[in-house]
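Would you mind keeping the following structure in view while I ask a few things?
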Amino acid sequence: MNSVNFFATCMGATALQESTISAIKLLQHCGAHVIFKKKQTCCGQPAFNTGYPQDAKEIALYNITLFSDNDYPIVVPAGSCAGLMGKEYPELFAHDSAETRAMVDRFCARVLDESQYLIDVLKVDLSDQDKGAPLDVTFHVSCHSLRVQQCIPQQKALLKQLKNVNYIELPYEEECCGFGGTFSVMEPEISNAIVSEKIKHIKETGVKVVVAADNGCILNISGALQKQGITDIKVISLYDFVLKRITGQAL
């Protein structure tokens, strides 16, 4: 049995609970034994991105301690949080002792985006499990998944394994959706302009389903669609989408 720790993320625990549960069920479907620590909290990204490194460091230490009772992989269903925990935590401890830095590095080496765990570790093949009707979809590339965690190939691989899903590439897919964490709150006009451009390109594809693998992007794009009165386009988590396709659930 492949045991993993599951890190739900703040948004996954508070705003996208169904998608979070789907991410866990997908891991279990693919043969993983999932450990969920009830006292898990934020990854620290809001503090990290808004210039509070000491606060972010305290959160990082909490997470490192929380997951220190085993050496299983830490699977995260959001590229931005996985990126901070797996790639950017060392920056917070750059001036600490060699012993502390080594501890942080060991923790970071265990962190994987869920797509990386499914594709690279479990080497799943879902090509014969798609029970859904033929469907055109597009995929939103999140900034942190692309540039920090670098897991876009694995995310797309999961999507493209579904034999009845026709993947249509999104124009300018690597452009931000305008969320950027607190950026969308501090610079709402710019954020709105960016997400409006993203929606324009989504409409150009003609699809009615947009798949994404970062919770902030999902909330931002779906919220903007709602505000613009666009009700026929649905934004859904990659792991929620894949689980529904292989179990025959309606989207």
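Only a predicted model underlies this, so the values are computations on that prediction, with no experimental measurement involved.
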message: I'd like to check F241 versus L135 (side-chain heavy atoms, cut-off strictly below 4.5 Å). Are they in contact?
response: yes
task: Determine, using the 4.5 Å side-chain heavy-atom cutoff (strictly less than), whether I119 and L122 are members of one ILVMFWY cluster.
output: yes
K227, NZ: over 12 other non-hydrogen atoms inside 6.0 angstrom: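 No.
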message: Any heavy-atom pair between the side chains of I202 and I221 that's under 4.5 Å?
response: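 I221 vs I202: side chains touch.
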message: So which atom in E114 and which in P77 form the shortest heavy-atom distance, rounded to 0.1 Å?
response: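 Looks like OE1-CB, 3.7 Å.
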- prompt: Is it the case that T138 and E169 place a side-chain donor and acceptor less than 3.5 Å from each other?
  reply: no
field: In one Ile/Leu/Val/Met/Phe/Trp/Tyr side-chain cluster, 4.5 Å: L170, L146
entry: no
- prompt: Does the side chain to side chain donor-acceptor pair (under 3.5 Å) test come out yes or no for Q226 and T231, once each step is laid out?
  reply: CA-CA 6 Å; Q226 185 178 16; T231 59; over 6 Å; no
task: Consider only side-chain N and O atoms of Q149 and Q116, and report whether a donor and an acceptor are under 3.5 Å apart.
output: yes
- request: Check whether more than 12 heavy atoms from other residues, nucleotides or ligands sit under 6.0 Å from atom OH of Y62, and answer yes or no.
  value: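 Yes, OH of Y62 has more than 12 neighbouring heavy atoms, counting only those of other groups under 6.0 Å.
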- request: Kindly compute the distance separating CZ (F179) from OG (S191), expressed to the nearest 0.5 Å.
  value: 8.5 Å
field: Residue pair K156 / E173, side-chain heavy-atom distance below 4.5 Å
entry: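 Sidechains of E173 and K156: in contact.
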message: A side-chain contact here means heavy atoms from C-beta on lying under 4.5 Å apart; do I218 and D214 qualify?
response: no
task: For residues S115 and Q155, report the shortest heavy-atom separation together with the two atoms involved.
output: OG-CG, 3.3 Å
query: Out of curiosity, does I64 fall in the hydrophobic cluster containing F7 (side-chain heavy atoms, cut-off under 4.5 Å, transitive links)?
result: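 Shared cluster, yes.
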- request: With L112 as reference, evaluate V76, I74, V121 under the side-chain contact (heavy atoms from CB on, under 4.5 Å) test and give the passing residue.
  value: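 Exactly one pass, corresponding to V121.
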message: Let's go through K39 and L66 carefully: what are the C-alpha distance in whole Å and the side-chain angles of both, what is the deciding distance for side chain to side chain contact (heavy atoms under 4.5 Å, CB included) to 0.1 Å, and is it a yes or a no?
response: CA-CA 8 Å; K39 293 185 178 181; L66 181 67; 4.3 Å; yes
- prompt: How long is the span from the CG atom in L126 to the CD1 atom in I246, to the nearest 0.5 Å?
  reply: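 If we round to the nearest 0.5 Å, L126:CG and I246:CD1 are 5.5 Å apart.
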query: Is V209 linked to L26 within one hydrophobic cluster, defined over Ile, Leu, Val, Met, Phe, Trp and Tyr using a side-chain heavy-atom separation of less than 4.5 Å?
result: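 In one cluster with V209: L26, yes.
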- prompt: Quick check: does any side chain N or O of D136 sit under 3.5 Å from a backbone N or O of V165, one acting as donor and the other as acceptor?
  reply: no
- prompt: Is the backbone N or O of L61 less than 3.5 Å from a side-chain atom of T65, with the two atoms forming a donor-acceptor pair by type?
  reply: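 Such a contact is found between T65 side chain and L61 backbone.
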query: T9 and N215: side-chain donor and acceptor closer than 3.5 Å?
result: yes
query: How long is the gap from CG on L158 to CZ on R245, to the nearest 0.5 Å?
result: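 The CZ atom of R245 is 14.0 Å from CG of L158, to the nearest 0.5 Å.
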message: Looking at K57 and E91, is any side-chain nitrogen of the basic one under 4.0 Å from a carboxylate oxygen of the acidic one?
response: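 No, this pair does not count.
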- prompt: Hey, are D113 and Q154 close enough side-chain-wise for a donor-acceptor pair under 3.5 Å?
  reply: no
query: Do the non-hydrogen side-chain atoms of L162 and Y167 ever get within less than 4.5 Å of each other?
result: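 They are not in side-chain contact.
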E18, CD atom: more than 12 neighbouring heavy atoms under 6.0 Å: no
- prompt: Rounded to the nearest 0.5 Å, how far apart are NE2 of H144 and SG of C151?
  reply: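 Going from NE2 on H144 over to SG on C151, the span is 11.5 Å.
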- prompt: Do S145 side-chain atoms and S142 backbone N/O form a donor-acceptor pair below 3.5 Å?
  reply: no
message: Measuring only between side-chain heavy atoms, which start at C-beta, is I24 closer than 4.5 Å to Y239?
response: no
- prompt: Between the side chains of N63 and Y89, does any donor sit under 3.5 Å from an acceptor?
  reply: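 Looking only at side-chain atoms, Y89 and N63 do form a donor-acceptor pair, the distance falling under 3.5 Å.
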query: If you take all heavy atoms of P90 and C108, which pair is closest and at what distance?
result: CD-SG, 3.6 Å
- prompt: Could you walk me through whether M11 and C81 pass the side chain to side chain contact (heavy atoms under 4.5 Å, CB included) check?
  reply: CA-CA 10 Å; M11 290 185 179; C81 301; over 6 Å; no
message: For R106 and D71: C-alpha separation, side-chain torsions, deciding distance, then whether salt bridge (charged side-chain N to carboxylate O under 4.0 Å, His left out) applies.
response: CA-CA 9 Å; R106 288 193 298 270; D71 59 359; over 6 Å; no
task: For the pair L118 and L27, evaluate side chain to side chain contact (heavy atoms under 4.5 Å, CB included) and give the outcome as yes or no after the intermediate values.
output: CA-CA 8 Å; L118 292 171; L27 286 167; 3.9 Å; yes
- prompt: Sub-3.5 Å donor-acceptor pair from the side chain of Q161 to the main-chain atoms of V124, do we have one?
  reply: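 Present.
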field: Polar side-chain atom of N5 near backbone of Y72 as donor-acceptor pair, under 3.5 Å
entry: yes
message: Tell me if the CZ atom of F36 is crowded by more than 12 foreign heavy atoms within 6.0 Å.
response: yes
query: Can you find a heavy atom in the side chain of V4 that is under 4.5 Å from one in the side chain of F6?
result: no
- prompt: Is there a donor-acceptor contact under 3.5 Å from the side chain of N2 to the main chain of A32?
  reply: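 The answer is no, because no donor-acceptor pair under 3.5 Å joins these two groups.
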A13 to T20 - nearest heavy-atom pair and separation: N-OG1, 4.2 Å
- prompt: Taking it one step at a time, do K203 and I230 satisfy side chain to side chain contact (heavy atoms under 4.5 Å, CB included)?
  reply: CA-CA 10 Å; K203 292 169 69 175; I230 302 172; 4.1 Å; yes
- prompt: Are T100 and S97 linked by a side-chain donor-acceptor pair shorter than 3.5 Å?
  reply: yes
query: Between Q17 (side chain) and G12 (backbone), is there a donor-acceptor pair under 3.5 Å?
result: no
Connected via hydrophobic side-chain network under 4.5 Å: F139 and I194: no
- request: Given salt bridge (charged side-chain N to carboxylate O under 4.0 Å, His left out), test D130 with K163 step by step and report yes or no.
  value: CA-CA 6 Å; D130 188 0; K163 64 180 181 180; over 6 Å; no
- prompt: What is the distance from atom CZ of F67 to atom CZ of R110, rounded to the nearest 0.5 Å?
  reply: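 CZ of R110 is found 8.0 Å from CZ of F67.
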field: Pair R101 + D96, salt bridge at N-O below 4.0 Å
entry: no
query: Hey, are D69 and K37 close enough for a salt bridge, meaning a charged N less than 4.0 Å from a carboxylate O?
result: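 Between K37 and D69 there is a salt bridge, with a charged N closer than 4.0 Å to a carboxylate O.
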- request: Answer yes if the side chains of Q129 and H29 hold a donor-acceptor pair under 3.5 Å, and no otherwise.
  value: yes
message: Quick one, V210 and V137 - any side-chain contact, counting heavy atoms below 4.5 Å?
response: no
task: First locate atom OG of S80, then atom CE of M85, and finally report the distance between them rounded to the nearest 0.5 Å.
output: 11.0 Å
